[in-house]
Protein chains: 2
Amino acid sequence: MKLKVKNVDVMASSPAVGMDPADCAEIGVKENDRVRVSNGKAEMSVLLLTSDAFVNVGEVLVPNSVAKRLKVKDGDEVDVVFSPSPESVRSIRKKMDGEVLTDKEIQGVVNDIYLGSLSNIEVSSWLTALYINGMNIDEIAAFARAMVDTGDVIPFDRSPVFDFHSMGGVPGNKITPIVVSIVAAAGLMLPKTSSRAISSACGTSDFVETFCGIEVTAEKLKEIGETVGGAFVWGGSMNIAPVDDIVIKIEHPLGINPRAQMLASILSKKLAIGANYLLVDIPTGSGTKVPTIEVARAYARDFMDLGEKLGIHIECAITYADQPVGSAIGPNLEARECIRILEGNEHPASVIEKACECAGIILEMGGFQNGTEKARELLRSGAAHRKFMEIVVAQGGSPDLKADDLKPGKFTADVVSSKSGYVHSINNKDIVSIAKALGAPNDKGAGMLLLKKKGQRVEAGDVLFQLFADNEAKLARAKELADRYQPVAIEGMLIKRVTAPQPR
Amino acid sequence: MKLKVKNVDVMASSPAVGMDPADCAEIGVKENDRVRVSNGKAEMSVLLLTSDAFVNVGEVLVPNSVAKRLKVKDGDEVDVVFSPSPESVRSIRKKMDGEVLTDKEIQGVVNDIYLGSLSNIEVSSWLTALYINGMNIDEIAAFARAMVDTGDVIPFDRSPVFDFHSMGGVPGNKITPIVVSIVAAAGLMLPKTSSRAISSACGTSDFVETFCGIEVTAEKLKEIGETVGGAFVWGGSMNIAPVDDIVIKIEHPLGINPRAQMLASILSKKLAIGANYLLVDIPTGSGTKVPTIEVARAYARDFMDLGEKLGIHIECAITYADQPVGSAIGPNLEARECIRILEGNEHPASVIEKACECAGIILEMGGFQNGTEKARELLRSGAAHRKFMEIVVAQGGSPDLKADDLKPGKFTADVVSSKSGYVHSINNKDIVSIAKALGAPNDKGAGMLLLKKKGQRVEAGDVLFQLFADNEAKLARAKELADRYQPVAIEGMLIKRVTAPQPR
C-alpha cells in the first residue's frame, strides 16, 4: 500500500515504523509484525507499531534511523507491505522446544540480532529459552564462531597469542595490568581487551582509563601487541563481537546471563584476536557469579571442552573470592593499589599472590619452568614495571606516571566497628552496592578501602573501611547503605550457640 | 538528578523516557533500567532509553503519554533517580527456574503487565518461561483470577449464567450465533462475548458486525442478557481481562500461545461475566491448535479441573476439524451461511449438526432432557430465528435482516480441479492464508466458498472453490496463493502405490 512518509526524530531500540490501525487492517498486519518498506530504490524490513494518535491514515511514521537507510524524507511516497518474520524466529521457537540447533540456525539468530532484524521481544525470548534450555558444547562453539563472524578480527603477525580472562563478579580484582605486564616482560604477547563494569562497581577498563587511554583501533592494538608485547585496552572501542553489546542491554533488565551466552561471548572475543593460549580465572565464592567449587569445576570443564572445539589451548584457575580481592575498590583506588604493587609495594599480599599465580600459569603455557617463581622474579626485579610503563606510554599515558598520582575522592568517611571480635565475613554484593552508591565506576575518585579483611582481629572503635566520593550527596547515600547492610560482619570466636529446645 | 523536560509526540509501547548516556552514568543507570521521574507532586517509574542523538545532557525526553500522567510540560524541571525493577521481575525469574509461583506472585506479574510496569522485554521473557516451564492447575486458576481482578466484571442479576467457548483454529466456524439463539430460545441466559480474528481469517465478532453492532458497554450487555437472554458481542469493547490484549501483542511475533496463558485468558473472561455453566468446543484436526484427540483430551481435563477450582461447571465437546466447518469462509459469507440456517436452510448439514450438538449439551446442563433433539426442534420451529432477530435488534441491527442481504465481494474467481478423483484433504492453514490474502477479515466481502468437501467425488474441470474479493489486486494475489498451495487435494482411490525396492 502506498503511504506518505512522516519523518520523526525519535529513538528506537530496533528499526520500526508506525501506522494507523485502519491502514494496518487494510494490509493485514498487526502491531509487532514486520513490514517491508520500499521506495523503489531501497527497501527494508522493520517492526510495525500502531497508533491512531501520532499518525494519520495514509501516512507512515518513519524514524530518522530508518529514513536515512532508505534515503526518504518527509512527504515521500513509499510502498508498505507485510513482511514475514525472519527465519531465525523459527530457530528461537526450536530452542524454546528444547531442541538442539544446527550451526546454520545459530548463525541465523546471531546475524539477525546483529542486523537489528530481531526485535527486543524476540531477543528476550531467545535469551530466556537459552537460560532455561541451554546449549550443548557444539552449539556454544558454533555460537562463539557466529559472534566472531559478525565483527572484526585482528590478524596478529606474531604468534603465539596469549590471553587471559577473569569471569569477574568479585570486587577489587585489579590484577589484569599486573598479569599482562609480567607476561609481556617475559617476552610473550598478551594483547588483552577488557570490558567496563556491567553490574559491578569497577571493570578493568574503568580503572585503566584513569592512567592511560583505553580506546584504540584494531590496527593500533595489533601494533602495540606486536611491538610492546602487551596491552590492556577496552574491547568496546573495537567492533569485536558486537552482538554482545546488543544482548547485554536485554539481559540487564531480566537479570540473567545464560551460561551459553556467557561462554560464547567470552570465547568469541578470544577467537577474534586469534588467541592460541588462554587462562580463565574463575573467582569462586558467595556473592559472585560462581558460588561453589562444584559450579566452578563445571565451568572449567565447559571452557576446556570449548577450547578443544575452537582450537584454543585453555586452562582455568579457580580462585578464592569469598571476599573482595585486596583492599581497594573503585577506579582511582584500584589503579593506585595495582600500580603500587608494580612499583614494588608488597601489600596487599593476596593481590600479588593471585597475579603471580595467574601469570605463572600463562608463563608455563608459554614454555617457562616454575611459572609462579618466574613471575615473582619479574615483578621483584622491576622488569614488569618497566614493561607496564611501556604499555602505558603506548596507550597514550604519561611516562612519569606514579601510583600516588591517583587520588581518591575528597569527601570521605570512616566506618568503625561497634564491637570487638574477628571479621567473620565480607559481603561482596553489599560492597558493590555501596561502591556504586559512592559513584563508581563513573566518578573516578569514588570507592572504598577495606582496612580489615576476613579473620583479622578487630577492637570496638577500629576503622573497618573508608568511603571516598567526589561529592557529598553520594557519600551520604553510601553511608546510609553501609549502616543498613553492615557488609563487614564481626563475631566473637563463638559464632552461634546452639541449645537444646526448652522443655514445654 | 534534576533534568529539564523535552516533551515529544511519539508512540511508546511501554512508558519510557530518554536520557543522554552521560546523565545515565552520573546517576548509575543503564538502558532498559527503570527511573523514577517526579515533579514534586506526581511520580512514575518508567523504562529508560538512552541516546546521545535525540536528547541533550541535562534534558529528559518525555513522551506525551508520560507527560500527561505526570502533568509536566516542555521545560519543566523534574527529578530523575534510579528505580529498582518491580518485584514481579523476580517472579518471572522464578518461573524461568521452573518453580511454582504463589497466588501473590502471579497477581504481581499480572498487575504489573496491566499497569505497564513490565517492559516488552520482561513480558516476552515471562511468556517464554510459561511456554517452556508451564503452570500447574492451581497456578492457572490464580492466573485467571488475577486477570479478572485487573478488569471489569458484570454482575448479572439473573442466574444461572451459561457460556460457550470455541477454542477456534478451524476456518468457517460460524456456529456461535446459532448456539446462542437456540439456548436463549429455550429460556436460558447466554450473554456471549467473542473476539475478533487473531491469526485466523474471521473471528465471530468479525462476521457478526456485518449484520449488527458488536460494541456495547458492560451495562448494556447486562441489560440485553437479562431481558433478551442472549447476546453475541465483542469482548474487546468492554474492559474485561484487559491484560489479554497486551499479552497478545507480544505473543504474536513469537508465534506462541502458552497453554497456561491461553487457559487463564479464556477462563478469566468467563469469570468476569460470572458464568456458572460453560461448554468448551475443542476443534480437533490437523492444521488447528489441537492436532490430535490425545491433545484434545488433555485440554478437556485441564478445563474441567480448572472449572472445579474456579466454581464453574465445565463440559467439553471435542469436535471434528480436519477441514473447515461448512462451506463459507469470510465475514459476509459466514454471516449469510449462519443466518440462512437460522432461516430454515438445511445446508450445510455439518454446521447444523455441530451447532445443535453444542447447544444440546448446554440445554442438558440447564436441565433439559435430550438436548440435541430439543435444539433441533427450536431451530426447525423458527423459535431460534425469532430469538436471533431479538438479539440482532437489541444489538442495533435491522428488524428486516435477511441472510441474502449479505453479499460476497464483486471480484470473483473459480478454482477448478485439474483431475478427477476424490477430495482427500483440505488444508486448514492454506485456506486461512488464501482468505486473508483476499482481504478477510477486514474486507467484509472477502472470502471463499468451498463447493467440494472431504470424500466427495470430483471430475476434472469441476469447481473446487470460489474466491471473492472487494478489489482486484487482492483477488489476483489470492489466486496466486491458491495455485501455489492447492489447498484441496484430489486423489484416485489408490492414494499411494508402495513397491518393493528394485534389486541392485
Side-chain angles (χ1 to χ4, degrees), chain A residues 8-13 16 18 22 24-28 30-34 47 49-51 53-55 61 63-65 85 89-90 92-93 96-98 119-129 131-133 198-199 248-256 436-437 439-443, chain B residues 8-13 16 18 22 24-28 30-34 47 49-51 53-55 61 63-65 85 89-90 92-93 96-98 119-129 131-133 198-199 248-256 436-437 439-443:
Chain A
V8 282
D9 217 26
V10 290
M11 307 187 284
S13 40
C24 292
E26 182 59 28
I27 59 167
K30 293 197 165 58
E31 176 130 352
N32 292 327
D33 261 337
R34 280 174 184 75
L47 206 69
L49 301 177
T50 66
S51 164
F54 299 112
V55 55
L61 211 66
N64 269 346
S65 54
S85 296
V89 171
R90 273 172 202 253
I92 296 175
R93 222 147 49 214
M96 283 191 226
D97 287 329
S119 70
N120 280 355
I121 291 173
E122 291 148 342
V123 177
S124 168
S125 180
W126 164 250
L127 292 168
T128 305
Y131 178 85
I132 301 176
N133 287 334
I198 296 174
S199 56
I248 285 170
K249 286 189 187 172
I250 314 281
E251 287 180 335
H252 175 60
L254 300 174
I256 60 173
K436 285 165 83 171
N442 197 51
D443 294 355
Chain B
V8 282
D9 218 24
V10 291
M11 309 186 286
S13 42
C24 293
E26 181 58 29
I27 60 167
K30 292 197 164 62
E31 176 130 350
N32 293 325
D33 261 337
R34 280 175 184 74
L47 205 69
L49 301 177
T50 65
S51 166
F54 300 113
V55 56
L61 211 65
N64 268 344
S65 55
S85 295
V89 172
R90 271 173 203 250
I92 296 175
R93 222 148 46 215
M96 284 192 227
D97 287 329
S119 71
N120 280 354
I121 291 173
E122 290 148 342
V123 177
S124 169
S125 179
W126 165 248
L127 291 169
T128 305
Y131 177 86
I132 302 176
N133 287 334
I198 296 175
S199 57
I248 284 171
K249 286 188 186 171
I250 315 279
E251 288 180 333
H252 176 61
L254 300 174
I256 60 171
K436 286 165 83 171
N442 196 51
D443 295 356

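Sequence lines set the chain letters: A, B, ... in the order given, protein chains first and strands last, and positions in each chain run from 1.
Atom CG of A/Leu254 is separated from atom OG of B/Ser119 by 7.0 Å, given to the nearest 0.5 angstrom. Between the CD1 atom in B/Ile198 and the NZ atom in A/Lys30 there is a gap of 8.0 Å [rounded to 0.5 Å]. Expressed to the nearest 0.5 Å, how far CG of A/Asn120 lies from OG of B/Ser125 amounts to 12.5 Å. Annotation: the span from B/His252 atom NE2 to A/Asp33 atom CG amounts to 3.0 Å, rounded to 0.5 Å.
Taking the side chain to side chain contact (heavy atoms under 4.5 Å, CB included) definition, one finds that B/Ser85 meets it with B/Arg34, B/Val89, sequence neighbours left out.
There is no contact between A/Ile92 and chain B, counting heavy-atom distances below 4.5 Å. Proximity to chain A is absent for every atom of B/Lys436, based on heavy atoms less than 4.5 angstrom apart. Heavy-atom distances place no part of A/Ile248 under 4.5 Å from chain B, backbone and side chain included. Residue contact with chain A, scored on non-hydrogen atoms closer than 4.5 Å, is absent for B/Leu127.
Heavy-atom pairs under 4.5 Å with chain A were tallied for B/Arg90, B/Arg93, B/Glu122; the largest tally goes to B/Arg93. If you tally non-hydrogen atom pairs under 4.5 Å between each of B/Val123, B/Asn133, B/Ile27 and chain A, the highest count goes to B/Asn133. Most heavy-atom pairs under 4.5 Å with chain B, from the set A/Gly255, A/Ala440, A/Pro441: that is A/Gly255.
Not one N or O on the side chain of A/Asn32 forms a donor-acceptor pair closer than 3.5 Å with the backbone of B/Pro253.
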